[in-house]
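Read through the structure below, which is laid out as structure tokens, and then see the notes.
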Protein chains: 2
Amino acid sequence: MKRRVTLKDIARETGVHVSTVSRALDPVTRKAITAEVAEKIQAAAERLGYRPNRIAAGLRTNRTMTVGVMIPDITNVIFPPILRGIESVLEPLGYASIIVNTDGEKERESRLVNVLRDRGVDGIIHAAATRDDPMVARAAEDGMPIVTLNRRVEDGAIPFVINDEQSGICQMLRHLMELGHRSIAHIAGPQDLSTGQLRLAAFRDAMAETKLACDERLIATATHFDESEGARCVEQLLASGLRFTAVLCANDRLALGAIERLHEKGLNCPADVSVSGFNDMPFLNLIRPRLTTIHIEQHGAGQAAARLLVQLLNDAETDRLPTETVLPVRLVVRESTGPAPAP
Amino acid sequence: MKRRVTLKDIARETGVHVSTVSRALDPVTRKAITAEVAEKIQAAAERLGYRPNRIAAGLRTNRTMTVGVMIPDITNVIFPPILRGIESVLEPLGYASIIVNTDGEKERESRLVNVLRDRGVDGIIHAAATRDDPMVARAAEDGMPIVTLNRRVEDGAIPFVINDEQSGICQMLRHLMELGHRSIAHIAGPQDLSTGQLRLAAFRDAMAETKLACDERLIATATHFDESEGARCVEQLLASGLRFTAVLCANDRLALGAIERLHEKGLNCPADVSVSGFNDMPFLNLIRPRLTTIHIEQHGAGQAAARLLVQLLNDAETDRLPTETVLPVRLVVRESTGPAPAP
DNA sequence: AGCTGTCGTGCAATCGATTGCGTGGAGCTT
DNA sequence: AAGCTCCACGCAATCGATTGCACGACAGCT
């Protein structure tokens, strides 16, 4: 285990001062050095196998070239593509990211924000923001660049990237109506998550725009975005005794659970009941019936958030940045929706 | 944006020297300080909201409390649980991890090893090791603690954690034979990945132990671990004209692709052909027929690798650590395997 | 020739925490 | 009471890179 090569070693080797070496090796300051000297220094650096010590540089410059990424849970399939999107922007610029999972717990969220701050991250991409976390607010106040993803923040000071939930719900509802559905139920997501909330609100709005009455009893609210809640909610809808020919779900997993339970109850999808999802998560093409859903650009959302953060990191005038980025979504028609059955 | 609180601030506040503050705040060295003084210092630290600067500490101590984690691709569903396993061990100990994706490219792998080294990670968990990467070997030689995961390294110097592939293949083969299958095909994984290689070797060994002849023509080799290759391989097997009643696949995705293609060809699984997977990846319970597979402790493997790395990081006598950790696997019988059809 | 301006390089402080060593004083022994 | 030990704390160097400032040399101008 040999000691690593430092600027001092190169300085000794080439007979110049460390500051000269430092300047010669930084492309920005290199122009201040005689070409001949700079080349000699670069050659020596190469020969000795010099690798800059980012820690030391970070101490001096107060930049670590590291960003924190907060997500609810990496095992949730919608997040890995987001992370790859983030990485695709950040890695070429020399940034690395530290990823943390909040598991949707506020206590963990608060703690992890501080973990990231302690590590001196230059900024944070927050894809797991709860409505109001004091530590996040504090970090933002203290000047930490933050971008939230998938979660809208009321505050207004923090720029965010979201998908066009409203448009997605609207497109899906139109699709169902074009298929002849008039009695449409909704399985809403958890109302403490902004996606659940936004999609429910969008559903109500979209229903209001149609001439159809929106029967509140045809809305069931899940406590989690998972299959078992989808199953429970569809069962609740059935138990209400009200007729419905389609269920618009706030998320793919809810939809899958609902289809499963309907099947158990002897109802076929889409022949008897059409069911739609939201997110277009990976692997849907392997599950039968293939789910009609709203496609979201996960990768693109990650990229957008990362680009936004990079701007925050570089530009002094953060005022002129968009605080709100809304990404387009797209209806993907597959097999789980079909013509409404005759009454 | 106010300046952050440093040891110096606390020293000024309490009227002692920074070194005393440093000692009072470190639980290990605290015993060298008068209780009364230490309490005063802690109170001041608390009051001022002191947060230690890890960068500065890292520069001095040469430890960043950061580890690098290399995986092929985070969007592959088997990796997120591994990462959570790693996190569950590392995070409580104060470590953070930097995750990088190699995409299975050797060039990226080499580059990313250096990225991690430049960032001064204390160690690396390498779940994407190719057979012989010079940069990885160099890092190990230079004293970088490394543990590999899921990939065996011939070298011998680097400890590794793997699953008991051999046992898994063996259990599956026994299961198929108990169901009456005698003509068993194998869809092997890519032979440039150690899992593909190991599982194929295990299949040959296991077949040899039975009295059945292992017909090499009933082995198809995939170029990637994905559904389309599973489909292609099963088609190749069918095209051979040889009879087989079961296909043991090296991986779940190959199995899913194979089932799909069989179905397209009018062959039912498991009635006509039994198909088995390997890995027990998430979401299998949603896909019909539910796949019989070998369950791997992804989370446990991550934990094991992390624990091993932590030992390397702390203990001086690294000699006495196990260089080889083999984790047990478990047969999970579901619906894709059934009794062999009558000839 | 002398003056000014420019350019290349060196000097030294700095970032914040850690740590080996030195020192002064308290407390104990004889 | 003198001398000794030991302990708590201070001092200062250190980790490696960055950067404002100063200085010296040389060129260009009058």
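Residue numbers begin at 1 in each chain, while the letters A, B, ... track the order of the sequences. Computed from a prediction, not measured in an experiment: that's the story for all the values here.
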Most 5' of B/Ser22 and A/Gly15 on DNA chain C, judged by nearest nucleotide: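 This one resolves to A/Gly15.
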Side chain to side chain, B/Tyr95 and B/Leu313, heavy atoms closer than 4.5 Å: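 Yes, side chains in contact.
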Heavy-atom pair of closest approach, residues B/Phe79 and B/Pro72: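 Shortest heavy-atom contact: CZ-CD, 3.3 Å.
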Taking [atom1] from [X] and [atom2] from [N], how many angstroms apart are they, rounded to a whole number?
X	N	atom1	atom2	answer
B/Asn62	D/dA17	CG	C1'	14 Å
A/Arg12	C/dG10	CZ	P	15 Å
B/His17	C/dG20	NE2	P	16 Å
B/Ile41	C/dA17	CD1	P	13 Å

Base, sugar-phosphate or nothing for [X]? Non-hydrogen atoms, less than 4.0 Å.
X	result
A/Val21	nothing
A/Thr34	sugar-phosphate
B/Val37	sugar-phosphate

Between the protein and nucleotides 13-16 of chain D, are there any N/O to N/O pairs under 3.5 Å, and if so, what are the atom names and distances?
unit_1: D/dT14; atom_1: O2; unit_2: B/Arg60; atom_2: NH1; d: 2.9
unit_1: D/dC15; atom_1: O2; unit_2: B/Arg60; atom_2: N; d: 3.4
unit_1: D/dG16; atom_1: N2; unit_2: A/Ala56; atom_2: O; d: 3.2

Side-chain ion pair, B/Lys106 and B/Asp192, N-O less than 4.0 Å: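 Answer for the salt bridge query: no.
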Side chains of [X] and [Y]: is there a donor and an acceptor less than 3.5 Å apart?
X	Y	result
B/Thr66	B/Arg54	no
A/Gln303	A/Ser88	yes
B/Arg151	B/Thr195	no

Salt bridge (charged side-chain N to carboxylate O under 4.0 Å, His left out) assessment of B/Arg117 paired with B/Asp142: CA-CA 11 Å; B/Arg117 294 188 71 178; B/Asp142 290 356; 2.9 Å; yes
Separation of A/Glu46 CD from A/Ile41 CD1 (nearest 0.5 Å):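 Between A/Ile41 CD1 and A/Glu46 CD, I get 14.0 Å after rounding to 0.5 Å.
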CD/A/Glu107: more than 12 non-hydrogen atoms of other groups inside 6.0 Å: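 Enclosed.
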Atom CG of A/Asn62: over 12 foreign heavy atoms under 6.0 Å: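 Atom CG in A/Asn62 is not crowded, with 12 or fewer foreign heavy atoms closer than 6.0 Å.
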Neighbours of DNA chain D within residues 23-32 of chain B, by heavy-atom distance under 4.0 Å: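 Residues of residues 23-32 of chain B under 4.0 Å from DNA chain D: B/Arg23, B/Ala32.
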Side chain B/Ser19 and base D/dC9 donor-acceptor under 3.5 Å: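 Counting by modelled atom types and ignoring angles, no donor-acceptor contact under 3.5 Å is found here.
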Kindly give the atom pairs (protein nitrogen or oxygen, nucleotide nitrogen or oxygen) under 3.5 Å for nucleotides 22-27 of chain D.
none

Trace of the side chain to side chain donor-acceptor pair (under 3.5 Å) decision for A/Glu87 with B/Asn101: CA-CA 9 Å; A/Glu87 180 197 46; B/Asn101 300 279; 3.0 Å; yes
